Amino acid sequence: MKTSSAPFGAGWLLRMSPQKQDTLLKLMILTIAAILAFSTRLFSVLQFESVIHEFDPYFNYRTTLFLAEKGFYNFHNWFDDRAWYPLGRIIGGTIYPGLMVTSAAIYNVLNFINITINVRNVCVFLAPLFASFTTVVTYLFTKELKDAGAGLVAASMLAIVPGYISRSVAGSYDNEGIAIFCMLLTYTLWVKAAKTGSLFWSVLCALAYFYMVSSWGGYVFLINLIPLHVLILMFTGRFSHRIYVAYSSVYCIGTILSMQIAFVGFQPVQSSEHMAALGVFGLCQIHAFVDYLRSKLSVEQFNLLFKSLVLISGSVMFGAAAVATAAGKISPWTGRFYSLLDPSYAKNNIPIIASVSEHQPTAWSSFYFDLQLLVFMFPVGLYYCFSKLTDANIFIIIYGVTSIYFSGVMVRLMLVLAPVMCILSGIGVSSVLNTYMKNLDVSTKKDKKQKKSDNTYPLKNEIATGVIMIMTSFLIMYTFHCTWVTSEAYSSPSIVLTARGGDNGKIIFDDFREAYYWLRQNTHYNAKIMSWWDYGYQITAIANRTVLVDNNTWNNTHISRVGQAMASTEDKAYEIMRELDVDYVLVIFGGLTGYSSDDINKFLWMVRIGGSTDRGSHIKEADYYTPQGEFRVDKDGSPILLNCLMYKMCYYRFGSVYTEGGKPTGYDRVRNTEIGNKDFELEVLEEAYTTEHWLVRIYKVKNLENRGI
Amino acid sequence: MSHLLKILALLICISVTNSVYKKKEDSLSDKVSQLTEWNNKKSVIRLTGDKFRELVKTPPKNYSVIVMLTALQSKRQCSVCKQANDEYLILANSWRYSQQFSDRLFFTMVDYDEGPDVFQSLKLNTAPVFMHFPAKGKPKKGDTMDIHRVGFAAEQIARWVQERTDIQVRVFRPPNYSGTLALALLFSLIGGLLYLKRNNLEFLYNKTSWGIGALAIIFAMTSGQMWNHIRGPPLMHKNPQTGQMHYVHASSQGQFIMETYIVMLLNTAVVVGFIMLNEAHTMKSDGRKKRIMALVGLGCVAIFFSLLLSVFRSKYQGYPYSFLFK
């Protein structure tokens with residue numbers, strides 16, 4: 001034992017057998033990667049506090065709170081009367097419950113073993129926790145595809161890839177946070193099932209698929225990808241009993257399980273998105289049956305039977321398609337058909353899709369911003385996969401190519417792309433390193449051996465050193481890039497705003513929560529709050545008050561009614577507000593601080609949506625522009641705009657405030673103008689509360705006047 | 001006597017008004033029959049300046065006229081006019097062949113080069129403009145369609161026509177078979193090729209060609225070709241003051257087509273470098289070739305990656321990292 005003289009720290013490691021060393025190293029690397037995945041997502045908690053971000057997560061948080069308190073059956077039957085007053089909303093049947101059930105389960109287990117953590121902290125830290133689970137699953141998945149080395153590289157890359165971090169930082173409590181974990185788990189188990197052909201793995205895969213369906217609508221991608229894999233295996237002549245067993249059981253069990261989710265219901269057997277899976281299931285049975293016949297019959301008999309069968313089934317199918325087209329059941333040559341082939345069709349022709357920022361196509365710079373090194377290591381990995389094709393490799397190739405296509409169409413689907421990018425890049429990086437690490441001359445002893453084997457060339461060692469150095473510096477740059485992107489771009493909760501002050505210090509605007517807590521403390525429990533729909537989820541979750549409309553924009557006429565109230569004059573709006581029992585009105589105003597996404601900037605949408613229904617047909621967008629067609633809030637602005645409710649609520653008392661040095665009173669710092677209507681009083685409203693930086697202003701709707709007066 | 005005179009005067013009066021009335025009636029029926037006759041030949045009636053004044057502007061009328069004032073000649077370079085004209089034709093044809101077709105409504109057009117005086121009299125200096133001339137009275141403010149706000153899709157024009165005239169025209173678009181035809185052609189071409197090579201279908205199982213296809217899709221997507229396809233940016237930008245060409249869009253919000261090609265090239269070069277590094281190791285040849293290949297691969301990777309990084313830095317102001325050179 002030469003190593004016994006080594007210092008204490010390394011001694012115990014080297015005393016172990018090589019297998020044990022190997023396992024220990026892998027475990028350590030994987031643990032470090034998982035911890036890294038968790039901790040790199042905590043920037044926002046460190047910069048701000050343990051707070052939930054954005055809008056939708058507040059709804060998820062509220063439902064989780066309800067589930068944790070009242071139990072699953074009450075949650076399932078929950079009719080929510082605090083939103084969409086006076087209509088209400090059935091929550092249980094209109095959401096994917098996986099996220100809430102997961103965090104409620106974690107909450108209950110932790111509290112059962114006396115770790116007293118509250119629901120909000122569970123929600124805030126759920127996405128980072130699942131990110132570290134995803135890291136482990138990525139390792140397992142890549143190990144199935146190539147080897148443990150590639151798995152470790154892929155896992156460490158996934159831990160910090162910005163494309164995934166963007167949707168899983170602490171506080172972004174949304175479906176995608178756990179859905180990526182479910183998706184990769186399902187893929188891992190599917191590859192395992194396809195490799196072994198065992199019922200055990202197939203059933204596990206179906207269960208993972210069920211979890212996926214329960215947590216995210218993106219499961220449709222998954223239920224099309226697996227059949228595509230099976231189909232391509234059939235075409236390449238790789239179809240076998242293993243695939244048959246795996247796919248048949250996954251499809252049957254998975255479909256039945258997925259139909260248990262109330263929100264999904266009968267879609268898996270009715271809607272066109274799921275038909276590919278059904279078709280491939282049928283094809284599997286036919287393929288297996290043909291194989292069976294082939295094994296029993298002679299070649300001539302089989303050929304005759306096969307030809308006649310193909311002819312008959314072909315003509316039957318053609319006839320059925322013709323009849324269905326004639327009867328108008330299917331219409332294959334409509335725009336919808338093209339939108340399947342060319343996703344940009346929908347973008348160009350359907351404005352609702354085009355207007356949402358998440359639905360924009362992806363520019364090359366966002367690919368680079370979110371993936372950096374992976375942009376070109378991904379094709380390298382793909383090249384290695386192509387050079388050694390297996391059933392599992394075909395799967396990852398299909399996943400890679402389809403997901404990059406979809407993420408090119410819609411920037412939001414970068415999330416689905418990021419894991420496969422990491423996996424294939426992991427394979428690529430580890431293959432390059434594997435090849436050239438062997439060429440390094442570590443000791444003179446080995447050098448002699450290599451010279452004997454005649455596999456050498458001049459400068460071999462130097463080139464190997466160069467390659468390893470380049471790879472190392474690439475990986476180091478990748479970590480720097482990811483950390484920089486995460487801290488700069490993806491760690492700001494939109495509910496707390498920051499700005500740089502004059503002395504380069506950070507100013508924090510916490511006005512939203514200030515206003516919501518004011519509502520919670522100072523208004524009647526059953527008060528109804530009117531605001532634009534963006535803030536609905538936050539008001540119900542934090543202020544616990546009833547809202548008229550929220551981010552689940554299911555009822556357009558109701559939203560339109562609120563838009564009409566905002567766009568009308570005070571007395572017209574008063575009628576609408578009385579009709580809807582409004583007690584308080586809340587507006588977001590950025591004119592004092594320069595916060596640009598405030599209600600005045602959103603106002604044109606209120607006008608458009610308000611004017612889009614019958615009852616609001618008197619509201620015309622053109623009336624809110626100047627004759628030159630401009631939207632202005634200064635003196636030249638349209639008088640209808642200067643006297644509508646939204647304008648008055650935003651600029652009430654603003655005319656006497658100095659905002660910027662050298663500018664007159666009432667200078668709006670977002671629109672950069674002096675407002676046009678300064679001196680007015682409110683008739684049907686009274687100011688109830690305005691937050692510190694005037695970001696949120698709350699008004700109370702006055703009661704009807706006494707009749708005697 | 002005076003009575004007689006009076007009666008005579010009255011008679012004359014009556015006969016005069018009668019004849020005037022008759023003349024009016026005649027001119028009205030003439031106009032209608034004229035318009036109908038033209039309309040039977042063409043769904044959109046082309047008017048010159050004189051015809052416009054006679055048939056559209058001068059009373060009496062019992063019909064509404066929709067006029068598209070446009071400039072279709074290619075020397076006017078009005079591409080919007082052509083699109084608007086197509087939509088207008090769809091609407092006019094829908095009206096022409098619909099069951100409610102009557103002589104209450106006519107679709108007409110005036111080209112600037114055939115009646116510039118019409119544009120002057122209406123004080124128009126833009127095209128296309130859609131105007132409605134009601135059966136009675138002068139056109140009001142709403143009788144000019146606001147195409148800046150609602151666009152000029154045939155459905156929008158039909159809605160506006162219904163608002164102004166209470167005549168509902170159901171727009172019938174002739175189905176567009178060109179996409180279907182192209183698709184069928186493509187499929188039959190592929191099918192034909194496969195049939196011709198039916199004895200040698202091995203190339204379908206050649207993984208190299210499939211691999212190259214997959215890589216091509218990836219390079220196209222990561223360089224933002226889908227963005228180009230949907231947004232249609234310019235090839236490059238020329239600074240009007242200095243005349244300098246900009247190949248790279250200065251902000252991360254946009255991109256030029258040229259820029260995406262450059263990025264695609266850089267990405268491909270890096271990947272080719274890596275593939276060469278691998279091939280250098282696996283191929284069976286003498287050491288010299290291996291060494292050259294490995295060195296070239298290494299150089300490719302290092303240089304083109306740093307180039308890619310500098311292109312990205314020029315888009316993202318404040319990006320702190322660089323490699324080899326700035």
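In this text, all values refer to a predicted model and were calculated from it rather than measured experimentally. Protein chains get the first letters and strands the later ones, always in sequence-line order, with residue 1 at the start of each. Side chains are part of it too, since the values below use all heavy atoms of this structure and drop only hydrogens, waters and symmetry mates.
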Do side-chain atoms of B/Lys207 reach the backbone of A/Ser387 as a donor and acceptor pair under 3.5 angstrom? yes

Heavy atoms, side chains only, cut-off 4.5 Å: are A/Tyr405 and B/Met226 in contact? yes

In Å, rounded to the nearest 0.5 Å, how long is the span from CD of A/Gln372 to CG of B/Leu309? 7.0 Å

Heavy-atom pairs under 4.5 Å with chain A: which of B/Leu266, B/Asn267, B/Asn228, B/Thr260 has the most? B/Asn267

Under 4.5 Å to a heavy atom of chain B? For A/Met469 that would be neither

Working for side chain to side chain contact (heavy atoms under 4.5 Å, CB included), residues A/Phe386 and B/Thr208: CA-CA 8 Å; A/Phe386 263 109; B/Thr208 316; over 6 Å; no

To the closest 0.5 Å, what do you measure between CE (A/Met477) and OG (B/Ser322)? 7.0 Å

Structural part of B/Tyr316 lying under 4.5 Å from a heavy atom of chain A: side chain

Between atom CZ of B/Phe274 and atom CD1 of A/Ile470, what is the distance when rounded to the nearest 0.5 Å? 8.0 Å

Is there a side-chain contact between A/Phe378 and B/Ile218, using heavy atoms and a 4.5 Å cut-off? yes

Nearest 0.5 Å, please: how far is CG in B/Leu308 from OH in A/Tyr368? 5.5 Å

Under the side chain to side chain contact (heavy atoms under 4.5 Å, CB included) criterion, do A/Trp364 and B/Met264 qualify, and how do the steps go? CA-CA 9 Å; A/Trp364 79 267; B/Met264 181 155 38; over 6 Å; no

Can you tell me which portion of A/Met471 sits under 4.5 Å from chain B's heavy atoms? Options are side chain, backbone, both or neither. side chain

Okay, A/Glu488 and chain B: the region with an atom under 4.5 Å from a heavy atom over there is neither

Taking every heavy-atom pair that is under 4.5 Å apart, which of B/His249, B/Glu259, B/Gln225 has the most such pairs with chain A? B/Glu259

Out of the candidates B/Asn278, B/Leu277, B/Leu298, only one should pair with A/Tyr436 under the side chain to side chain contact (heavy atoms under 4.5 Å, CB included) rule; please name it. B/Leu277

Name the region of A/Phe367, side chain, backbone, both or neither, that has any atom closer than 4.5 Å to a heavy atom of chain B. side chain

Which atom of A/Gly408 lies closest to which atom of B/Met221, heavy atoms considered: CA-SD, 4.2 Å

Working note: A/Met421 + B/Thr222, criterion side chain to side chain contact (heavy atoms under 4.5 Å, CB included); need CA distance, chi angles, decisive distance, verdict. CA-CA 11 Å; A/Met421 277 270 192; B/Thr222 49; 4.2 Å; yes

Rounded to the nearest 0.5 Å, what's the gap from OG on A/Ser365 to CH2 on B/Trp227? Could you check? 9.0 Å

In terms of relative ring orientation, are A/Phe474 and B/Phe305 parallel, tilted or perpendicular, with 30° and 60° separating the classes? tilted

Taking atom CD as the centre, does B/Gln253 end up with more than 12 heavy-atom neighbours from other residues, nucleotides or ligands that are less than 6.0 angstrom away? no

What part of A/Val432 is in contact with chain B, defined as an atom under 4.5 angstrom from a non-hydrogen atom: side chain, backbone, both or neither? side chain

Check each atom of A/Thr362 against the heavy atoms of chain B and say whether the ones under 4.5 Å are side chain, backbone, both or neither. backbone

Does B/Tyr321 use its side chain to pair, donor to acceptor, with the backbone of A/Trp484 at less than 3.5 Å? no

A quick test of your reading: do over 12 heavy atoms of other residues, nucleotides or ligands sit less than 6.0 Å from CZ of A/Arg238? yes

Please flag which part of A/Ile404 lies under 4.5 Å from any non-hydrogen atom of chain B: side chain, backbone, both or neither. both

Looking at B/Val270, B/Val263, B/Ile217, B/Val311, which one has more heavy-atom pairs under 4.5 Å with chain A than the rest? B/Val263

Which atoms of B/Val272 come close to chain A, meaning under 4.5 Å heavy atom to heavy atom: side chain ones, backbone ones, both, or neither? neither

Honestly, the part of B/Val271 sitting under 4.5 Å from a heavy atom of chain A is both

